[in-house]
Every structure is written in structure tokens, then in C-alpha cells.
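From a predicted model like this one, the values you see are computed outputs, not experimental measurements.
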Amino acid sequence: MTRIDDWMARAARQLARRTSRRSLLAGLGGALLGGAAIPLLPVSRAFGREPQPGEPDPETPEGQANACEYWRYCSIDGFLSSCCGGTHNSCPPGTSMAPVTWIGTCRNPADGKEYVISYNDCCGKGPCGKCFCRRNEGDKPVYYTPKSNDIDWCMGTDSVVYNSTVAVVVGVAVEKG
Amino acid sequence: MTRIDDWMARAARQLARRTSRRSLLAGLGGALLGGAAIPLLPVSRAFGREPQPGEPDPETPEGQANACEYWRYCSIDGFLSSCCGGTHNSCPPGTSMAPVTWIGTCRNPADGKEYVISYNDCCGKGPCGKCFCRRNEGDKPVYYTPKSNDIDWCMGTDSVVYNSTVAVVVGVAVEKG
Amino acid sequence: MPRTNRRTRRTLSIWAFALLLAGPSDADLPLEPVGRVATIKTPYSPHWVFVGDALGHRTALIDVEDGRMLGTLDSGFGIPQTLHPTRRSEIYVIETHYSRGSRGERSDVLTIYDKASLAPIAEVAIPPKRALSATPVAHVALSDDDRFAAIFNLTPASSLSIVDLEQRRFVSEIQMPGCSLVYPIGERRFAALCMNGSLLVIRLDDSGREVGKQRSQPFFDPETDPVTEKAARFGDRWLFPSFDGWIHPVDFSGPEPVFEERWSLTSERERADGWKIGGYQHLAVHEKSATLYALMHQGGIDSHKQPGSEVWFYDLTERERTRRVELVNPGFTYLGVPIEGGPTWGWLVDWIGDRVMHAIPDIGVDSIAVTLDDAPRLVTSGMFSGGIASFDALTGEFIGRVFSGNLTNAVIQTASPATPGPR
Amino acid sequence: MPRTNRRTRRTLSIWAFALLLAGPSDADLPLEPVGRVATIKTPYSPHWVFVGDALGHRTALIDVEDGRMLGTLDSGFGIPQTLHPTRRSEIYVIETHYSRGSRGERSDVLTIYDKASLAPIAEVAIPPKRALSATPVAHVALSDDDRFAAIFNLTPASSLSIVDLEQRRFVSEIQMPGCSLVYPIGERRFAALCMNGSLLVIRLDDSGREVGKQRSQPFFDPETDPVTEKAARFGDRWLFPSFDGWIHPVDFSGPEPVFEERWSLTSERERADGWKIGGYQHLAVHEKSATLYALMHQGGIDSHKQPGSEVWFYDLTERERTRRVELVNPGFTYLGVPIEGGPTWGWLVDWIGDRVMHAIPDIGVDSIAVTLDDAPRLVTSGMFSGGIASFDALTGEFIGRVFSGNLTNAVIQTASPATPGPR
């Protein structure tokens, strides 16, 4: 039993390093159930790998737009548009970006500044199913509407059906909300 | 490695004894992923356990209306109505039983006779999700319509949406189809 | 075609069918009718629970004693929202549909189901703007006399749609700027939570129209320690838990809400150890024994959605914790099918499941509910795990696991028709 | 509200929002527009495949080279049926919807999507009676010049609905009693399979109306060894595989179908060992190299739906097997999310996955497809496993796994706009 115990503990530690619940689930199952992995094809990171001005190194998770660790996703709870046919700031083809949103404040490790991030939902097609990411920094209950990521923010669009979420820089924070 | 190997082989043998694909999947995952089982609450078998006249012993799988091994299910591919709020020959509450069906011929172990079984689909609510059972005896391609269990037989009902399937005795077979 | 008791033999004649049928002899199994549809015995057992599926768009009615599925209620987009009156043998399902699945014309309806047949018997159109979110509670409510349903709208303008359930029609929309959600607080009153930490109380007349609307003083600070939406009702009180584990009781028995002194779910030491309330449905009350149940985990800041690893029991009269119950994994499923080890591997599967649930912070129990009867069950589920675990709600003893057939278990509702009172 | 490039700052003003925004200084990241929606580069890469989800009611467009999701197309009830013309930058999705999800009024439509935007640009209503089944192939077809779509109806009366894709309208319904399914066999002709083992050939005029209908002699015995619905096209021929592994080639180049001599996928020895064709999409042709791919398993009678453990390659000119490729597990998913072991555990996860796939007859590959280009990929998936594995379709070498985000992978479609011809 000690060997299994040990193996479980190591697997759990390794898995606990990941961030999102679904990727955790994935990892968990992976360690125990069986499936994917080698050779797992390289997944393209963001769209293009050249460093963008003012953005973190795209070789680090904080700089990869389809990693849950990407700095702009600090307050997100949803599927990443960048894994679903869109990018970190554009929606997947055929969806509509909702004009009303919730707001987070995230620190850009490239310049150490806090930016105001608008998390616009992409709407009109069913759930993307890839890159579920939940970080919740500063998330508030539903009645504190502009900072609540549980709300289906597909409002002001033709359909309330939720697909995924983008993270758009809309300002520099001078005071934390 | 030998221990794991051995364990896998035993697990696989045990699992291969089960019949339906989804219960296999379930078992498979169970042996490897983690979850359910002890104490797993007793699931009521059929509705009532008294032996019915002409039916096999309800303590055997061939006599349990919510076991995939139930004798009438020899040609089925779908969810068992008996696990979904209905019985082996009545549909779950709020669904409609389709009047047109596919047909199988199954041997009743209680009397050794072949019976003609009508597999009527229960329609108008989404897939039940419990007791998926696939046995396919005598199943034919779609163009051989009356013996094809791949077809969504929710026809002649208000909705084509498939929920589950019953197995109704409609005759004694005197010649195999 | 009508649903009738026709014989299949007639159906068969549709086909030029090669198989000959012999008439049954005495010794043969009798031919059976087709067209039969089961109904459910009413009143329901208090240990039957409704489990809503966010991905499967349906609610399953499950017996937590033996795992039997009694039936299902389909709904549309979003986490299913159902209402359970005690005075009528009906269930109300609030649904959102598009004419083309995820696009096209939107229709929001309140569908009235018969409890015995689980068939829709009437439909009330409501304004197509109900709020949809990942929060499974406080989006719809029933007045205490079962006369009116209130549905929370968010467009992002905030309002309530009021449906008269006797006359089966939509009667009014009530604006509530700055306030959200809906909590039943009597026969003609509903409450909402406001962004500044106050409450809004809305009064209706007997026709369901607004006759009064009053904002309270703030009773908590939404910036420093907001209360969650996931409150529980205890008689005339609602208990609002805060992120940091403070219970804010609000007494609605009088004309104005009375804000009672807050009390903490955790000791100073436990707070220092990071014990917090979390998950999606994290508070439940057993009225008769005056017991409060809170879903607890150890986590840091912003961990308010993290699943729980324990349920803590409190005596609501003494405001004292009486028990800590370590949770077990509710059981995994794959596409709705339980992942089981069988008699041989069950122990291993179980052991791994629990180990995993406790080792990894993001896997565990998201929802708790308690049945209303004298032998209450504490029922737990995880959004992504699939199973449902039940415990003796008086002793905390683990009883077992059952499965809903759902893809996800997003919300648990307990309903006992024998017990009027808070829902 | 219209989808515009408005600035979020304006959006924010909807809220009485406590946070102050400073104008960006030179060193700050620039503010970004909201409202942007991505489009897809056309023509598509030949290694992009469409994967239909029976439970999720959508089709995902996935790059099998790097796993990137390009986008999705939602559909309604049933296994998604999509059509891919080579002459227009469009995709056709045949959809069935109910006004209340699983009940209410039924609408069947053919929706026209733009290939670059994946947005619906037009909709053609068709009779609400298209056939729905668990068989993912031969339910819809496109004429070879992309002018007409034919949709198989079954109520249980059997017919085809014809849609004119240039004029974007439904033009006619053609009865075909005793025959089912639909196979494109030219610009104005479709074929169907009949219950007695014969073929029906339907001819249309330029307006899409029936001008001729001819039943052939039976070319197989549906009682003893039926052909499956899952045929593959090779130029003017359709290759129909039988349960026992015989290929029945039918040449449609002339006015009447010519039934060529059948040949076997298996040797006598292999048949004795139980090698059979099986699964849900079990035959594929790479036209340029004249290669046939068959999904094979070892099984008993009635195992025709059993997933495959190997793909066998055949030279269609010589009618000879050239290769046997042992399949790997396409990779499991949970609720669409890949179950991976990561760099440390990947080998173990892989090893277990393959072991399991080969040890248990009901877990494995249900569907195969091959891309149409000069460096073709053989693409495999399992209905319940979730992943997609790809192989070099010339050498059989395993390349890797990607994930669709689907709940189930029920059908794979390969499409290359640069390659006119059979689809």
C-alpha cells in the first residue's frame, strides 16, 4: 500500500500546481484513468510567438494567451476564447462579443502595472469545451454585478447562450476597486 | 511493472464480463479513476421482486428488468426505461411511447421459447442517462428498417427526442426473421 | 399521433414484415399492451431529491435511499430552476429556449408540470430577460402561499417578473435598480440584495402588482466582506453567510427587516487556519431540529467557489457548532454513467476517490441540501464529479452514494409536500 | 444591441463604477477595442477536420496537426449532419429544433454558414421529417456539382427532401418506399439502399424535380450478409462493405449501376479468427493513392457496431491488403476536457489507455476518416473516449492525439476545398 500511497501523493502534488478546475480534473483523471499524452501534438500558443510590446515573455505561462495563467485572466471563470477559435481579445468565429461585461484588475508582470480588464463573453454558440479556466480574483456575488463572473454576461447580444470569454485591456487602474 | 500488468489484466477480464458499453466504460473508469462503490446503495431491481408468471427468476440477471442481461433486451441499443422512471414495458413519466418500433426475437429462459419483442422508444424528454445497454442481436442496417435499432424510433409521437426504450412481448415467434 | 393503448400487432402491419406471429398458447407469456406510460406516486417521499443538470438541461428526480430515478423534467438553457409548491401537486420549471437552439428567437416560459405524470400541463410566457448565471440559487422564488412566482431578470437592468400561479398568467414586472436576486419572505413579499449591502423589500397586492418597495440600511460591507447569494431560510429569518464566515441573520417577521447580530461559523483559530464557506450551494437548514449545515473548506482569498471538504453542523438556537463531518467523494461519473469498481475494486476506487478529493482543492462537493423530514438526509454533490452522497443529517453518518444520470450536478432541491414552509 | 467596435469605457458607464480609469501613458499597454470577432482563413487546410458531437449538438473544426480549435457550428437534435461544397465558401448544416427544447413545435432547416465567419447567412426550411439515427453517414448528400442537397426522411415512410442550394430553397420531396439513406452519384442522381438488397437510383432535372426512379436487381442478401450503410466512395464507384467483410463495388458511371465482383477484406483464415469490419464510420478512401481503409476488430456474430482495434489498408487497384495498423487509444476526455498525464505520467496514461482499449472489446475506435491531400492523415476517434488520434495515411505511422472539446465524437468529416470530387 505504501507504494500506491506515495504515488498518489506525488501525483496529487504535481496536479495541484495546475490552476483551473477542469484542467485539474483532466490531470487527475489522467494520472489515474488513462488516455492522452505522448506524443501529444504541440498546441499552438496564442497566435504567433513573437513577444508583443508591453506583454510578458510568450514562453512563460503569464505571457501565453491560451494558458489559464495568462496575466489578464486573473478574474476569469469560463472558457478561454483563445482556445476556441478566437484570441485573448477577439471572439471565436460566428459568435458575438457582449458589450456589457464584468471587470477585473490584473497586474501585468511585464511592467508591474495594474490594468483594468474587461471580460467580455462570446455568445450565440454553445459552450466551447476547451480551456476552462477559473481564477476568481476579486470576484463578487451576483448582486455586486459589475464584478461578478458567475453571471452569464451574454447581454446586449442576439443570444444569451455562452461560448467563451475574452480579456480586453480597457484602462490602467489608479485605485483598486 | 508485472504487478500493474497483472492487475490490469484481471481488471479487464472482470470488466469484459459486463455487457453494455457504457457500463463497461463505467467499470473501466471505476477500476482506474476512482469514485463510487462501497457502500453503494442497493438499487431496486425491476419494480417488486416477486417472480412473475412465465418470467425468469428475478434474482438472476436474465430476470431483472433493469439489468442489461434481462432476456427481453437481446436486440436493444439504448437506455432502459426500467432504470429511468418507467418499467420494462412502460415509459418514464411524461414521455410518450412511440407506436412504431423495431422488432427483435429473444429467447425466454423460463420457458425456452422465442418471443417477438417490440422495442418501443420513449420520447419527448432528453436522454435518460442511466442503464445504457447495447446487445444488438439480429440488428440490421438502417435500410432494413424494422430490424434496425440505430434508428431514432420516436416517430408518430409529438417529439423525436429520444429518452429510453421498453421491451414489450407482442408475440411468440414461429419462424425466425 | 395520439398516445394510445394500441396493440403493436397493428403497428407491425405498417411493415411488409417477414416474421410470422403465432397466437399465444396458454403456456406462453401473455401479449402486452404498448403505449403505457408510468406515473409517480404522490405525495413524494421526503427522500426524493431534484438534481439539476447545467449541461444536460434537465432535472432528475432521484430517490437518495435506493438510487432509483423517478423521472426527469427538461428545461432550456442555463442551470435548471424549479419551484415546488406545497399546496398544489405541481412543479414549476423556468425555461429559456431559442428557436434555433443557441440562436434565433428567445422564449422564456414558466412551465407547469403535473407531479404525478411529470407532463407539462400549462405554460406561462414571461418576459424573455430572466437572469442566467452559474449561481444556482435565489434566481426564482415562490410566495409562501404558493400564489405567486417571482423571477429575477437582468439585462443588465434588474427587475422581477411576477407570475400568478392560480390564474396561470404573467402579471407584472417590478424594477429594482441596484438590487438583484430574489428571496421569498412571506405571502406577498420578496426581498432582494443590493450592491451597497442593503436589502430591498418588495410588497405585492393580491393581484401580484407592486404596492411598496423599501430599501433598508446596509447590513454588511460588500467591499470588505460580502455576503454570498447562497443564503438559507430558517422560519421567518434568512441567514446570509459572508465570505469570511459570518452569518448575518435577518428577521422578516415584522413590517421592516430586523438585522440581528452576526455570528461566526468559525473560531478565530479556524479563521487563521483558512476555514471558509465555499461552493455553489453551501448552506442548508433543517427546520425541525433547528440545525444549520455549512459547506466548509480551507482556502485563501477568493476561494469562495472552492468545493468543500467538510460540512459543519450548528445548533441555530445556541449558535454553536455541534459537529464536523468529513465529506466523502460523491462518486465520479462519465457522461452520466457511474464509475464504479464493483464488489472487488470498490474499496480501491473509494479510497482513491476520497484521497483525491482531499488532496486537490478543486475537486469535491459544490452543493449541499437537507431533506425536510424527521429522519433527514444531508445530500451532497459535485458539479463535475457526477455522484450524490448522502449522510444522516442528525448524526453525520455517511449512508451511501447514488447517481442521477446527469452530465453535471449543478443544484440539489429537496421537497416534501407534507411540510409547508420555507423552500 | 449591434455588434460594434465600441469602447468598453462607454460600456462601463452603465455602471456606477467605483474604479477610476487613468488615460494610458506612453509606457502603458494600449487600450484595446471590444467587439472583435475572429474569422478563419480560407481555403481551409486539408488537415482540418470536422468532428460532430451527438450529445453537445455541435460540430467542432479542429486542426489535427496542432489540436487548435478553429471554431464550432451548432446544430439541433441528433448527430450533426454537415455538407461541404467545393464550389462555394459555404457549409450546410441540417438541423432539427423544437420550440421548447425537447417538445413543442418541430422545425427542420438547412442552415447555410459562411466558411470564413462560421456565421449563419441563410436558412432553408425543409419538411420536419428528416431521419434521425445513431448512424452518422448517408443521411444527407450533395450533388456532385454542389447544386442540390438531398436529405433522407423517415416517418417511417421513406423519402428525400431536395434543396436547391443556388436558389436557397426547398424544391421537392421524392418518395422512395422500401429504400433508405442517400448516396451522391453524380450531378443529378442520388442512390438509396433498399430492404431487399437492391439499389434505387433517383434522377433529378435541373430544377431539382424527380425525372426518373429505377430499382436495380438485388446485389446482396440482407438476411444472410447485409452490407452496412457505411460505404465509401471511390471516384464513380461506391464500395459497400458487408458484415462479413465483403466489399461490393458498384460502378455508377453509366446510366445503370454496374455491380462488380465482390472481394473480401479478410482471408479465410482471418474470417475464421473473427476479423470483421465494425464501428460507426468504418470505411474511408484516399482517392489519389487509391487506398481503402477499413476499421477492423475481432468479434462474433452481431458485433458489427463493435469498435475497431486495427485499420487495414488496401490497394484498390489490386484489391490487396497492403498494411495492418494497430490503433492506439484516441485519448479520453471528461466533459470534453482531455484526461492527460502530463510530461511525467504521460507514458503511464498512454500505456494504460492502449492496454484498456485492446483488452475490452467495447472501448476503442468507432470512426475513421482520411484527409484528401497528398500527405494524408488517417484520423480516428471513439464516440465515448473523446480524443482524436491521427496517423500518416501512407505509412500508418502514429502521429499524435488532439482534442475537440466535444462531449462525444460521433462523426469525422474531412474536407478540402482544393479537391473537387467525392465527399
#### Entry: Verdict with reasoning, Asp302(C) to Glu137(A), per side chain to side chain contact (heavy atoms under 4.5 Å, CB included)
CA-CA 6 Å; Asp302(C) 296 318; Glu137(A) 289 177 26; 3.8 Å; yes
### Task
Quick one: do Arg103(C) and Lys125(A) satisfy side chain to side chain contact (heavy atoms under 4.5 Å, CB included)? Show the steps, please.
CA-CA 7 Å; Arg103(C) 64 183 198 280; Lys125(A) 290 179 187 270; over 6 Å; no
### Query
Going through the checks in order, is the side-chain hydrogen bond (donor to acceptor under 3.5 Å, both in side chains) test met by His304(C) and Asp139(A)?
CA-CA 9 Å; His304(C) 50 283; Asp139(A) 169 62; 2.6 Å; yes
### Task
Quick one: do Ser133(C) and Asp152(A) satisfy side-chain hydrogen bond (donor to acceptor under 3.5 Å, both in side chains)? Show the steps, please.
CA-CA 5 Å; Ser133(C) 84; Asp152(A) 177 351; over 6 Å; no
### Query
Do Phe220(C) and Tyr143(A) pass the ring pair (Phe, Tyr, Trp, His ring centres under 6.0 Å) test, and can you show the C-alpha distance, the side-chain angles, and the key distance before you say yes or no?
CA-CA 13 Å; Phe220(C) 65 93; Tyr143(A) 59 84; 5.7 Å; yes
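Closest approach of Thr145(A) and Met195(C) over heavy atoms only: N-SD, 4.4 Å. Of all heavy-atom pairs between Asp77(A) and Tyr280(C), the closest is OD2-OH, 3.6 Å. Between Val161(A) and Gly101(C), the closest heavy-atom pair is CG2-O, 4.4 Å.
The main-chain N or O of Arg134(A) is never found under 3.5 Å from a side-chain atom of Lys305(C) such that the two would form a donor-acceptor pair. Checked by atom type and distance alone, the side chain of Tyr162(A) never pairs as donor or acceptor with a backbone atom of Gly78(C) at under 3.5 Å. Glu229(C) places a side-chain N or O within 3.5 Å of a backbone atom of Val142(A) that can act as its donor or acceptor partner.
Proximity to chain A (any heavy atom under 4.5 Å) is restricted, for Cys194(C), to the backbone atoms N, CA, C and O. No part of Asn163(A) comes within reach of chain C, as not one of its non-hydrogen atoms sits under 4.5 angstrom from that chain. If you measure heavy-atom distances from Leu132(C) to chain A, the contacts under 4.5 Å come from both the backbone and the side chain. Within the 4.5 angstrom heavy-atom criterion, only backbone atoms of Thr228(C) (N, CA, C, O) approach chain A.
Put simply, of Thr96(C), Ile301(C), Leu193(C), the one with the most heavy-atom pairs under 4.5 Å next to chain A is Leu193(C). When each of Gly104(C), Ala131(C), Ser102(C), Ser180(C) is scored by its heavy-atom pairs under 4.5 Å with chain A, the top score falls to Ser102(C). Ranked by heavy-atom pairs under 4.5 Å with chain C, the list Pro127(A), Gly124(A), Ser75(A), Cys154(A) is led by Gly124(A).
Within a 6.0 Å sphere centred on CD of Gln175(C), other residues, nucleotides and ligands contribute more than 12 heavy atoms.
Two residues are said to be in side-chain contact when any heavy atoms from C-beta on lie closer than 4.5 Å; Glu223(C) and Lys140(A) meet this criterion.
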